[in-house]
Amino acid sequence: MHEEFLCHVTAYGICGGRRVGVPLGTYRAPTLPLAMWWLRDRASWIAERLDPRPGNPHFPERAIAPVADTVPDVPGALRDWCGDTERQEQVAEELADGKLVRLITRDDTTEYEFLAESVDALRMQRTRASRAALVPHP
């Protein structure tokens, strides 16, 4: 039943004393496997930009500096999720059941939110809400 999925990635941070969200990508996946592929691809893409692999020829020597062990490892968490097939299967099952999936990781300055949901589930929720609005109250 749930054959199409909306996927979003947003970074949240504080700017001028207010919480601000910056969209990092949106994808309307025609299948569950493509939704999962896109979430993994975005997680990997963000991890590589936050923490490029040593020896990457696109960065000059000493352009990247290590951080303290106390800093939350967002790139590591994203790479771990990309490599964890069991956790990905759980996400896929929840999406297939029509549930909203929300994955979050954060460091000192930024929160990264991955959202995915079934287009069919959204339509059913809207239909229920509009029907409820049509029912007269005594």
Side-chain angles (χ1 to χ4, degrees):
M1 177 176 198
H2 302 284
E3 297 175 358
E4 195 174 11
F5 302 87
L6 284 177
C7 306
H8 309 278
V9 178
T10 307
Y12 294 95
I14 303 297
C15 182
R18 298 179 56 194
R19 188 170 194 253
V20 176
V22 177
L24 299 179
T26 298
Y27 178 56
R28 188 171 183 142
T31 66
L32 180 57
L34 284 174
M36 295 304 299
W37 169 83
W38 189 83
L39 292 170
R40 276 191 310 275
D41 181 68
R42 290 294 87 191
S44 177
W45 183 85
I46 291 168
E48 189 59 29
R49 272 129 193 94
L50 292 174
D51 182 21
R53 300 282 182 185
N56 185 325
H58 299 291
F59 296 96
E61 234 180 278
R62 292 186 292 254
I64 302 169
V67 296
D69 290 339
T70 57
V71 174
D73 186 9
V74 168
L78 293 172
R79 287 183 179 116
D80 287 347
W81 185 80
C82 287
D84 190 335
T85 55
E86 190 174 307
R87 284 178 28 203
Q88 289 178 36
E89 286 174 10
Q90 290 172 334
V91 167
E93 287 174 16
E94 290 180 22
L95 285 172
D97 288 342
K99 297 177 184 169
L100 169 71
V101 172
R102 185 174 180 230
L103 306 167
I104 295 174
T105 186
R106 62 178 54 91
D107 59 22
D108 296 355
T109 62
T110 309
E111 175 181 282
Y112 299 90
E113 177 185 65
F114 293 73
L115 287 176
E117 57 192 329
S118 162
V119 172
D120 296 323
L122 285 170
R123 287 182 185 138
M124 289 187 299
Q125 288 171 3
R126 287 185 185 134
T127 301
R128 275 187 238 121
S130 64
R131 284 184 185 159
L134 296 175
V135 177
H137 291 285

Tell me, please, which residues at least two apart from Gln90 pass side-chain hydrogen bond (donor to acceptor under 3.5 Å, both in side chains).
-> none

Given a cutoff of under 4.5 Å between side-chain heavy atoms of I, L, V, M, F, W and Y, with clusters grown through shared members, what are the other residues clustered with Leu100?
-> Leu115

Starting at CD of Glu94, measure out to CD of Glu117 and round the result to the nearest 0.5 Å.
-> 13.0 Å

Hey, what do you get for CG (Asp107) to OG1 (Thr109), rounding to the nearest 0.5 Å?
-> 4.0 Å

Name all residues meeting the side-chain hydrogen bond (donor to acceptor under 3.5 Å, both in side chains) criterion together with Arg19; count only those two or more places apart in sequence or in a different chain, and write none if there are none.
-> Glu111

For residues 76-86, tabulate all N or O donor-acceptor pairs below 3.5 Å that involve a side-chain atom, not counting sequence neighbours.
from	atom 1	to	atom 2	distance (Å)
Arg79	NH2	Ala47	O	3.4
Arg79	NH2	Glu48	OE1	3.2
Arg79	NH2	Asp51	O	2.7
Asp84	OD1	Glu86	N	3.2
Asp84	OD1	Arg87	N	3.1

Can Val91 and Glu89 be said to form a side-chain contact (heavy atoms from CB on, under 4.5 Å), step by step?
-> CA-CA 5 Å; Val91 167; Glu89 286 174 10; over 6 Å; no

Got a sec, which residues hit side-chain contact (heavy atoms from CB on, under 4.5 Å) with Thr26, two or more places apart in sequence or on another chain?
-> His8

What residue pairs, at least two apart or across chains, pass side chain to side chain donor-acceptor pair (under 3.5 Å) with a residue in residues 66-78?
-> none

Residue among Leu24, Val9, Leu103 satisfying side chain to side chain contact (heavy atoms under 4.5 Å, CB included) with Tyr112 | Leu24

Sub-4.5 Å side-chain heavy-atom contact between Glu113 and Tyr12 | yes

Between side-chain atoms of residues 30-46 and protein atoms elsewhere (two or more places apart, or another chain), which donor-acceptor pairs fall under 3.5 Å?
from	atom 1	to	atom 2	distance (Å)
Thr31	OG1	Leu34	N	3.2
Arg40	NH1	Gln88	OE1	2.7

Does atom CZ of Arg18 have more than 12 heavy-atom neighbours, drawn from other residues, nucleotides or ligands, at distances under 6.0 Å?
-> no

Closest approach of Leu95 to Ser118 (non-hydrogen atoms, all atoms of both residues) | O-CB, 4.3 Å

